[in-house]
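Since the structure comes first, as structure tokens, the remarks are kept for the end.
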Amino acid sequence: MNIANINPGPWPELPLEAWKDTYATLHMWTQIVGKVRLALSPRINHWWEVPLYVTARGLTTSPIPYEHGIFEIQFDFIHHQLLIRTSEDAERKMSLAPRSVADFYAEFMQCLRSLDIHVKIWKMPVEIPNPIPFDQDTQHASYDPEYANRFWRILVCGEEIFKEFRSGFIGKNSPVHFFWGSFDLAVTRFSGRRAPARDGADSITREAYSHEVISAGFWPGGGEIKDAAFYAYAAPEPAGFDAAKVGPAKAFYHPEMREYLLMYDDVRRAASPKATLMEFLQSTYDAGASLGNWNRAELEKTAA
């Protein structure tokens with residue numbers, strides 16, 4: 001193991017400006033890998049067959065079925081490799097290093113074919129402006145291993161707290177998972193009631209928001225949000241949610257995004273990052289569930 005590859009501290013700095021090119025490239029790599037899982041996995045409600053999951057080294061697809069058994073794809077952000085392993089005891093490795101999306105796509109698909117894994121994916125990226133087909137994208141070609149490692153370590157910290165928060169809810173509850181389309185770590189609670197149909201919504205949005213939810217997550221930032229942030233929203237949003245009293249004091253409601261935000265740096269610099277983030281998660285949920293008239297007595301775990 002190369003100790004130089006490991007950033008040992010929790011809650012590292014992650015200024016968007018410092019790693020925006022790596023972020024953009026890594027976003028496309030995760031979409032390529034994620035689309036393989038999407039293409040080969042059985043459909044699950046709310047697209048839960050799509051995401052990646054945090055591991056002790058990076059992100060994984062979890063097992064994916066194919067003709068000869070199962071296989072798994074893992075991003076290793078300690079040794080900076082992409083690993084493809086099958087239940088036939090076969091393995092391929094790719095280096096995570098500065099390289100174009102087109103080059104990554106070509107080698108990755110060749111690795112799959114060499115393992116007798118045959119899959120076609122839609123080559124167009126999603127949920128980004130000005131998408132370039134993967135096999136034509138020579139624009140995004142950055143990879144800074146230090147910042148990839150930092151990003152993963154933040155996911156590790158966030159996932160641990162999200163799982164603890166998740167444990168207090170006994171209603172329908174999503175896994176803590178990483179969506180490669182929006183490039184965010186998320187956990188979602190459900191009221192158990194169907195949501196009103198969204199006018200003009202596409203099929204992806206209709207499936208994702210078919211039921212009432214309160215969701216929270218972590219996102220590296222972009223657009224108007226210049227750095228990483230934790231977020232929380234209710235869908236549909238109940239009246240008064242935008243003016244609810246939530247904590248901590250630095251949390252704020254973004255009217256265009258219709259979400260509460262708590263900047264990552266405000267969590268990282270807090271005396272207790274865990275307590276600060278838990279306050280944000282709990283207070284935004286409390287506001288959404290109470291204003292939305294959720295049956296909280298039936299949905300929440302009572303103290304022993």
Side-chain angles (χ1 to χ4, degrees), residues 45-47 127 158 161-177 179 182 184-202 204-267 270 272-303:
N45 49 267
H46 317 301
W47 304 106
E127 299 188 49
I161 296 169
F162 286 178
K163 282 185 173 179
E164 183 172 333
F165 172 68
R166 182 182 185 272
S167 70
F169 194 78
I170 59 175
K172 180 179 173 180
N173 212 349
S174 81
V176 179
H177 43 201
F179 281 102
S182 46
D184 64 331
L185 187 72
V187 63
T188 303
R189 294 176 170 186
F190 292 75
S191 73
R193 300 187 299 247
R194 282 200 168 270
R198 293 188 171 201
D199 293 337
D202 59 28
I204 294 174
T205 302
R206 286 197 302 270
E207 176 60 31
Y209 295 106
S210 60
H211 291 69
E212 295 179 347
V213 300
I214 298 171
S215 191
F218 169 78
W219 173 59
E224 292 184 21
I225 310 304
K226 302 303 182 184
D227 271 311
F230 292 94
Y231 65 80
Y233 64 87
E237 183 178 301
F241 183 69
D242 58 343
K245 184 177 181 180
V246 305
K250 291 186 177 180
F252 63 95
Y253 184 82
H254 193 289
E256 285 75 32
M257 296 178 69
R258 304 195 71 81
E259 297 179 1
Y260 279 97
L261 298 176
L262 177 62
M263 301 308 293
Y264 168 69
D265 279 345
D266 291 327
V267 173
S272 172
K274 177 179 179 179
T276 299
L277 180 53
M278 284 293 287
E279 180 183 1
F280 177 71
L281 298 173
Q282 190 62 51
S283 65
T284 51
Y285 164 74
D286 287 342
S290 294
L291 292 167
N293 296 314
W294 286 26
N295 187 352
R296 299 184 63 179
E298 294 295 325
L299 295 170
E300 298 169 15
K301 185 184 295 183
T302 57

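Heavy-atom basis, side chains included; hydrogens, waters and symmetry copies ignored.
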Given Tyr260 and Tyr231, is the side-chain contact (heavy atoms from CB on, under 4.5 Å) satisfied, shown in steps? CA-CA 5 Å; Tyr260 279 97; Tyr231 65 80; over 6 Å; no
side-chain contact (heavy atoms from CB on, under 4.5 Å) partner of Ile214, the single match among Phe169, Trp294, Phe190: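 Single pass found, and it is Trp294.
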Identify which one of Leu262, Asp266, Val267, Leu261 satisfies the side-chain contact (heavy atoms from CB on, under 4.5 Å) criterion when paired with Phe280.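 Exactly one option meets the side-chain contact (heavy atoms from CB on, under 4.5 Å) with Phe280, and it is Leu262.
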Could you check if a side-chain atom of [X] sits within less than 4.5 angstrom of a side-chain atom of [Y], using non-hydrogen atoms only?
{"X": "Phe165", "Y": "Arg189", "answer": "yes"}
{"X": "Leu185", "Y": "Val176", "answer": "yes"}
{"X": "Leu277", "Y": "Phe162", "answer": "yes"}

Name each donor-acceptor pair under 3.5 Å that joins a side chain in residues 215-229 to protein atoms two or more places apart or in another chain, with its distance.
from	atom 1	to	atom 2	distance (Å)
Ser215	OG	Val187	O	3.4
Ser215	OG	Thr188	OG1	2.8
Glu224	OE1	His254	NE2	3.2
Lys226	NZ	Gly223	O	3.0
Asp227	OD1	Leu16	N	2.7

Interatomic distance, Ile204 atom CD1 to Arg206 atom CZ [nearest 0.5 angstrom]: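 If I round to the nearest 0.5 Å, the distance is 10.0 Å.
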Any sub-3.5 Å donor-acceptor pair from Ser283's side-chain atoms to Gly247's backbone N or O?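 Confirmed, Ser283 side chain pairs with Gly247 backbone.
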For Asp199, give me all partners under side-chain hydrogen bond (donor to acceptor under 3.5 Å, both in side chains), at least two apart in sequence or on another chain.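 Result, side-chain hydrogen bond (donor to acceptor under 3.5 Å, both in side chains) vs Asp199: none returned.
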Would you please name every residue forming a side-chain hydrogen bond (donor to acceptor under 3.5 Å, both in side chains) with Ser191, sequence neighbours left out?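 Partners of Ser191 by the side-chain hydrogen bond (donor to acceptor under 3.5 Å, both in side chains) criterion, ordered by chain and then number, come out as Glu212.
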Mind jotting down which residue pairs meet the salt bridge (Lys or Arg N to Asp or Glu O under 4.0 Å) criterion with at least one end in residues 274-298? Sequence neighbours excluded, please.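 Listed by first then second residue: Glu164-Lys274, Asp286-Arg296, Arg296-Glu300.
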Residues two or more places apart in sequence or in another chain: which of them pass side chain to side chain contact (heavy atoms under 4.5 Å, CB included) with Arg198?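 Ala201, Thr205, Tyr209, Ala235.
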Residue list, side chain to side chain contact (heavy atoms under 4.5 Å, CB included) with Ala275, at least two apart or on another chain: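 Once residues adjacent in sequence are excluded, the partners of Ala275 under the side chain to side chain contact (heavy atoms under 4.5 Å, CB included) criterion are Ser272.
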Give every donor-acceptor pair under 3.5 Å between a side-chain atom in residues 236-246 and any protein atom, sequence neighbours left out.
from	atom 1	to	atom 2	distance (Å)
Glu237	OE1	Tyr253	OH	2.7
Glu237	OE2	Tyr253	OH	3.1
Glu237	OE2	Arg258	NH2	2.9

Set out, in order, the CA-CA distance, both residues' side-chain angles and the distance that settles side-chain contact (heavy atoms from CB on, under 4.5 Å) for Met263 and Phe252, then state yes or no. CA-CA 9 Å; Met263 301 308 293; Phe252 63 95; 4.3 Å; yes
Might you point out which heavy atoms bring Thr276 and Ala270 nearest each other, and give the distance in Å?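 So the minimum-distance heavy-atom pair works out to OG1-CB, 3.2 Å.
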Sequence neighbours excluded, which residues qualify as salt bridge (charged side-chain N to carboxylate O under 4.0 Å, His left out) partners of Asp184?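 In terms of salt bridge (charged side-chain N to carboxylate O under 4.0 Å, His left out), with neighbours along the sequence ignored, Asp184 is linked to no residue.
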Any pair counted as side chain to side chain donor-acceptor pair (under 3.5 Å), so long as it reaches residues 165-175, sequence neighbours left out: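 Sorted result for residues 165-175: His46-Lys172.
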